[in-house]
Amino acid sequence: MSKGKVENLKDKLDGNELDLSLSNLTEVPVKELAALPKATVLDLSCNNLTILTPEFCSLTHLIKIDLSKNQLVCVPEEIGQLHNLQHLDLYNNKLKILPVGFSQLRSLKWLDLKDNPLEPTLAKAAGDCLDEKQCKQCASRVLQHMKVLQEEADMERELRLLKEREQEKKKEIKQREKDAREREAQKKKKAEEKERKRQEYQAQMAALAAQEQQKKKKEEKKKKAAQSQAKKTKSESVPKANRSFCSLFFTLLLKVLLLVIVGMSSILAACQLTELRKEAFCVPLNVHFEETVRWAQGLEVVQQIIQKVSDLRA
């Protein structure tokens with residue numbers, strides 16, 4: 001704030017009263033007024049004020065304020081900060097409602113709201129302000145009305161907060177349920193994955209065991225085949241050796257018999273066909289030979305053979 005403006009305001013200061021009426025003000029010089037804490041009575045009537053800024057409510061030293069005959073359409077919520085305010089003139093403005101913070105003006109004793117387009121319930125509470133008594137009643141009734149609105153607003157805010165808390169609680173419950181479901185799903189997924197790995201492991205172990213068993217069976221089969229082949233070879237080799245020995249024995253025996261037969265035949269032929277038949281060693285042979293021939297001729301088979309030979313000759 002400039003020193004000149006402060007000096008100008010001081011020129012309008014009369015004791016504790018500061019008159020800024022009829023000054024064509026469109027806004028309140030809050031900073032300059034804050035520099036004059038002695039000015040507890042402020043006249044801002046008959047100006048062009050449309051709003052009061054929240055900073056205006058920092059002028060807590062004010063006891064009386066005249067804002068009549070302006071263009072105010074609203075009063076800031078922070079007006080309740082003017083805890084020393086006792087007298088407030090809002091005559092002939094464009095106010096429809098008052099903020100619930102108005103109920104905090106506990107020192108307010110006098111109020112004028114005439115000629116404002118107030119909403120019906122507020123207008124009814126304000127009533128007339130044609131004399132000192134009515135204006136005091138107006139202050140009392142409006143404060144009571146605004147307290148009711150404040151309580152309703154507080155209750156509504158509490159209900160809203162309660163509803164918000166309930167909604168938040170429901171959200172938390174839903175979130176916890178969602179988290180629980182996600183944890184359960186994750187747990188189930190891990191269990192399924194573990195079970196899948198376990199089954200794969202068991203399948204691998206079973207496959208390895210089957211391969212090992214198959215390998216063992218093949219080895220046992222090969223071993224048995226080798227043993228069987230060995231037994232077969234052994235069994236074949238023994239008879240073969242036996243057969244070879246028997247064959248050699250019978251061959252030798254046949255040769256000996258053949259030699260004996262040939263020898264005997266030669267001796268018999270010599271004894272029958274040569275002069276040797278008269279010799280002493282041939283006589284018994286010839287006798288046995290003739291007996292054998294007669295015996296053979298007595299056999300039916302031999303007779304049949306002789307008959308067939310005779311038939312063939314004929």
Side-chain angles (χ1 to χ4, degrees), residues 1-118 122 125-126 129 132 135-136 138-147 149-150 153-154 157:
M1 75 186 78
S2 65
K3 186 177 178 180
K5 287 184 178 180
V6 174
E7 290 178 352
N8 290 334
L9 288 180
K10 285 183 179 181
D11 291 341
K12 297 183 179 183
L13 182 62
D14 184 9
N16 65 339
E17 297 182 8
L18 180 62
D19 188 1
L20 296 179
S21 62
L22 300 170
S23 299
N24 293 320
L25 296 175
T26 56
E27 61 181 16
V28 180
V30 176
K31 293 182 180 180
E32 290 79 0
L33 292 173
L36 297 173
K38 292 182 180 181
T40 57
V41 178
L42 177 62
D43 188 355
L44 292 169
S45 63
C46 302
N47 281 293
N48 297 314
L49 301 175
T50 56
I51 61 170
L52 295 176
T53 63
E55 289 77 16
F56 176 79
C57 301
S58 65
L59 303 175
T60 56
H61 60 280
L62 295 175
I63 295 175
K64 180 178 179 180
I65 303 175
D66 188 352
L67 288 165
S68 63
K69 297 181 181 180
N70 276 281
Q71 305 296 319
L72 294 174
V73 295
C74 66
V75 176
E77 181 69 33
E78 293 81 1
I79 195 170
Q81 297 175 6
L82 300 175
H83 51 81
N84 290 315
L85 186 62
Q86 298 178 13
H87 185 110
L88 178 60
D89 193 344
L90 292 171
Y91 166 73
N92 194 12
N93 277 278
K94 296 182 178 181
L95 298 172
K96 292 182 180 181
I97 61 173
L98 293 175
V100 292
F102 200 90
S103 62
Q104 301 300 318
L105 297 174
R106 293 182 176 84
S107 299
L108 190 65
K109 305 298 182 182
W110 194 97
L111 177 64
D112 189 355
L113 288 171
K114 291 191 310 296
D115 293 339
N116 279 282
L118 301 174
L122 179 59
C129 184
E132 187 74 12
C135 291
K136 288 182 177 181
C138 175
S140 177
R141 288 194 299 265
V142 169
L143 285 177
Q144 185 63 31
H145 176 72
M146 298 311 299
K147 286 179 181 178
L149 295 181
Q150 179 70 57
D154 292 342
R157 184 173 63 256

Inter-residue atom distance [X].[atom1] - [Y].[atom2], 0.5 Å rounding:
{"X": "Lys64", "Y": "Asp43", "atom1": "NZ", "atom2": "CG", "result": "8.0 Å"}
{"X": "Asp19", "Y": "Asp14", "atom1": "CG", "atom2": "CG", "result": "9.0 Å"}
{"X": "His87", "Y": "Leu62", "atom1": "NE2", "atom2": "CG", "result": "12.5 Å"}
{"X": "Ile65", "Y": "Asp89", "atom1": "CD1", "atom2": "CG", "result": "11.0 Å"}
{"X": "Cys135", "Y": "Leu113", "atom1": "SG", "atom2": "CG", "result": "9.5 Å"}
{"X": "Lys94", "Y": "Gln71", "atom1": "NZ", "atom2": "CD", "result": "4.5 Å"}

query = Only one of Asp66, Asp115, Asp112 forms a side-chain hydrogen bond (donor to acceptor under 3.5 Å, both in side chains) with Tyr91, so which one is it?
reply = Asp115
Is a donor on one side and an acceptor on the other found under 3.5 Å between the side chain of [X] and the backbone of [Y]?
{"X": "Ser107", "Y": "His83", "answer": "yes"}
{"X": "Lys114", "Y": "Cys129", "answer": "yes"}
{"X": "Asn70", "Y": "Leu72", "answer": "no"}
{"X": "Glu17", "Y": "Val41", "answer": "no"}
{"X": "Asn48", "Y": "Leu25", "answer": "no"}

Would you call [X] and [Y] a side-chain contact if the rule is heavy atoms closer than 4.5 Å?
{"X": "Lys38", "Y": "Asn16", "result": "no"}
{"X": "Asn92", "Y": "Ser68", "result": "no"}
{"X": "Thr53", "Y": "Glu27", "result": "no"}
{"X": "Phe56", "Y": "Leu49", "result": "no"}
{"X": "Leu122", "Y": "Leu95", "result": "no"}
{"X": "Val142", "Y": "Leu108", "result": "no"}

ask   = So His61 and Asn84, side chain to side chain contact (heavy atoms under 4.5 Å, CB included) or not? Walk me through it.
value = CA-CA 6 Å; His61 60 280; Asn84 290 315; 5.7 Å; no
Which heavy atom of [X] sits nearest a heavy atom of [Y], and at what distance?
{"X": "Pro99", "Y": "Val75", "result": "CG-O, 3.4 Å"}
{"X": "Lys69", "Y": "Asn93", "result": "N-ND2, 4.1 Å"}
{"X": "Ser23", "Y": "Asn47", "result": "N-OD1, 2.9 Å"}
{"X": "Cys57", "Y": "Pro76", "result": "SG-CG, 3.5 Å"}
{"X": "Ser103", "Y": "Lys147", "result": "CB-N, 3.6 Å"}
{"X": "Phe102", "Y": "Leu143", "result": "O-CD2, 3.5 Å"}

message = Walk me through whether Leu105 and Leu111 qualify under side chain to side chain contact (heavy atoms under 4.5 Å, CB included).
response = CA-CA 11 Å; Leu105 297 174; Leu111 177 64; over 6 Å; no
task = Please test Val30 against Ser58 for side chain to side chain contact (heavy atoms under 4.5 Å, CB included), starting from the C-alpha separation and ending with a verdict.
result = CA-CA 8 Å; Val30 176; Ser58 65; 4.1 Å; yes
request  = Please report the C-alpha distance between Glu132 and Trp110 in whole Å, then the side-chain angles of each, then the deciding distance to 0.1 Å, and finally whether the side chain to side chain contact (heavy atoms under 4.5 Å, CB included) criterion is met.
outcome  = CA-CA 8 Å; Glu132 187 74 12; Trp110 194 97; 3.3 Å; yes
